[in-house]
Peer 1: 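Before anything else, here's the structure in question.
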Amino acid sequence: MTRFLTISEARKQFLELPETLSEQPVIITRHGKPVMAALSYEQFESLAETLDLLEDGSLMADLRESMTQAERGERVSLADVRARLSR
């Protein structure tokens, strides 16, 4: 469950936030509306890496094609993959 903190609460809990953020991001609000998100550095790195992958047009095209092939039932067995890689 996403945790919400007001800016005032976040300020008071600032030194404890690293432990809180290790579990899940925290949404910080002002006047009841979300204005920022705080997340652990590990979560940030993961998000940044995901965004880098999504920006790779060639990789995304290959992924979409693979998903389409899988939906059509065009799959390769693990034994076939191993045989192809050992050539």
Side-chain angles (χ1 to χ4, degrees):
M1 181 172 179
T2 303
R3 183 167 177 199
F4 289 82
L5 293 175
T6 65
I7 288 178
S8 297
E9 292 168 332
R11 186 181 307 130
K12 290 176 188 173
Q13 297 179 28
F14 186 75
L15 295 177
E16 290 81 31
L17 279 179
E19 287 76 25
T20 301
L21 298 173
S22 67
E23 299 168 14
Q24 65 184 7
V26 172
I27 306 300
I28 300 174
T29 64
R30 178 187 297 143
H31 306 296
K33 296 185 179 185
V35 292
M36 64 188 311
L39 60 153
S40 71
Y41 186 72
E42 183 178 284
Q43 292 166 336
F44 169 77
E45 282 187 313
S46 177
L47 181 59
E49 184 176 325
T50 299
L51 291 173
D52 283 344
L53 292 173
L54 290 173
E55 289 175 353
D56 184 331
S58 175
L59 177 65
M60 292 309 298
D62 289 346
L63 178 59
R64 283 187 196 96
E65 176 61 25
S66 295
M67 291 171 65
T68 300
Q69 289 172 337
E71 288 170 1
R72 291 190 305 240
E74 298 173 22
R75 298 186 179 130
V76 178
S77 72
L78 180 58
D80 287 343
V81 171
R82 285 185 176 150
R84 290 179 190 179
L85 291 175
S86 66
R87 291 181 191 165

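We count residues from 1, following the sequence as given. FYI, side chains are in, hydrogens and waters are out, and symmetry mates aren't considered; it's all heavy atoms of this structure.
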Peer 1: How close do Ile7 and Ile28 get, counting heavy atoms only, and between which atoms?
Peer 2: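 Heavy-atom minimum between the residues: CG1-CG2, 3.5 Å.
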Peer 1: Which atom names give the shortest non-hydrogen contact between Met60 and Leu54, and what distance separates them?
Peer 2: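 Looks like CG-O, 3.4 Å.
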Peer 1: Closest approach of Pro25 and Leu39, non-hydrogen atoms and distance?
Peer 2: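 Result for this residue pair: CB-CB, 4.1 Å.
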Peer 1: What's the spacing between Leu51 CG and Ser46 OG if we round to 0.5 Å?
Peer 2: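 Between Leu51 CG and Ser46 OG, I get 9.5 Å after rounding to 0.5 Å.
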Peer 1: Say you draw a straight line from OG1 of Thr20 to CZ of Arg3; how long is it, rounded to the nearest 0.5 Å?
Peer 2: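 Rounded to the nearest 0.5 Å, the OG1-CZ separation comes out at 5.0 Å.
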Peer 1: Measure across Ile27 and Pro34 and return the closest heavy-atom pair with its distance rounded to 0.1 Å.
Peer 2: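 The pair with the smallest heavy-atom distance is CG2-CB, 3.6 Å.
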Peer 1: Determine, step by step, whether Leu53 and Leu63 satisfy the side chain to side chain contact (heavy atoms under 4.5 Å, CB included) criterion, reporting the C-alpha distance in whole Å, the side-chain angles of both residues, the deciding distance to 0.1 Å, and the verdict.
Peer 2: CA-CA 11 Å; Leu53 292 173; Leu63 178 59; over 6 Å; no
Peer 1: Look up atom CZ in Arg84 and atom CG in Asp80, then write down how far apart they are to the nearest 0.5 Å.
Peer 2: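 If I round to the nearest 0.5 Å, the distance is 6.0 Å.
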Peer 1: Are Leu47 and Gln43 close enough, and set up right, to give a side chain to side chain contact (heavy atoms under 4.5 Å, CB included), and what steps lead you there?
Peer 2: CA-CA 6 Å; Leu47 181 59; Gln43 292 166 336; over 6 Å; no
Peer 1: What pair of heavy atoms forms the shortest contact from Leu17 to Ala10, and how long is it?
Peer 2: CD1-O, 4.1 Å
Peer 1: Kindly check if the number of other-residue, nucleotide or ligand heavy atoms within 6.0 Å of CD (Glu16) is above 12?
Peer 2: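 Buried by this count: over 12 neighbours within 6.0 Å.
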Peer 1: Identify the heavy atoms of Thr29 and Gly32 that sit nearest to each other, and give their distance.
Peer 2: CB-C, 4.2 Å
Peer 1: Could you tabulate the donor-acceptor pairs under 3.5 Å formed by side-chain atoms of residues 68-76, not counting sequence neighbours?
Peer 2:
from: Thr68; atom 1: OG1; to: Arg64; atom 2: O; distance (Å): 3.0
from: Gln69; atom 1: NE2; to: Glu65; atom 2: OE2; distance (Å): 3.3
from: Arg72; atom 1: NE; to: Glu74; atom 2: OE2; distance (Å): 2.7
from: Arg72; atom 1: NH2; to: Glu74; atom 2: OE1; distance (Å): 3.3
from: Arg72; atom 1: NH2; to: Glu74; atom 2: OE2; distance (Å): 3.3
from: Arg75; atom 1: NH2; to: Ala70; atom 2: O; distance (Å): 3.1

Peer 1: Answer yes or no: are there more than 12 heavy-atom neighbours, outside Glu19 itself, under 6.0 Å from its atom CD?
Peer 2: yes
Peer 1: When you measure from the side chain of Ser66 to the backbone of Asp62, do you find a donor-acceptor pair of N or O atoms at a distance under 3.5 Å?
Peer 2: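 Present.
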Peer 1: Are Val35 and Phe4 connected in a single hydrophobic cluster, I mean Ile/Leu/Val/Met/Phe/Trp/Tyr linked by side-chain heavy atoms less than 4.5 Å apart?
Peer 2: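 Looking at the clustering, Val35 is in a separate group from Phe4.
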Peer 1: Rounded to the nearest 0.5 Å, what separation is found between the CE atom of Met36 and the CG atom of Leu5?
Peer 2: 11.0 Å
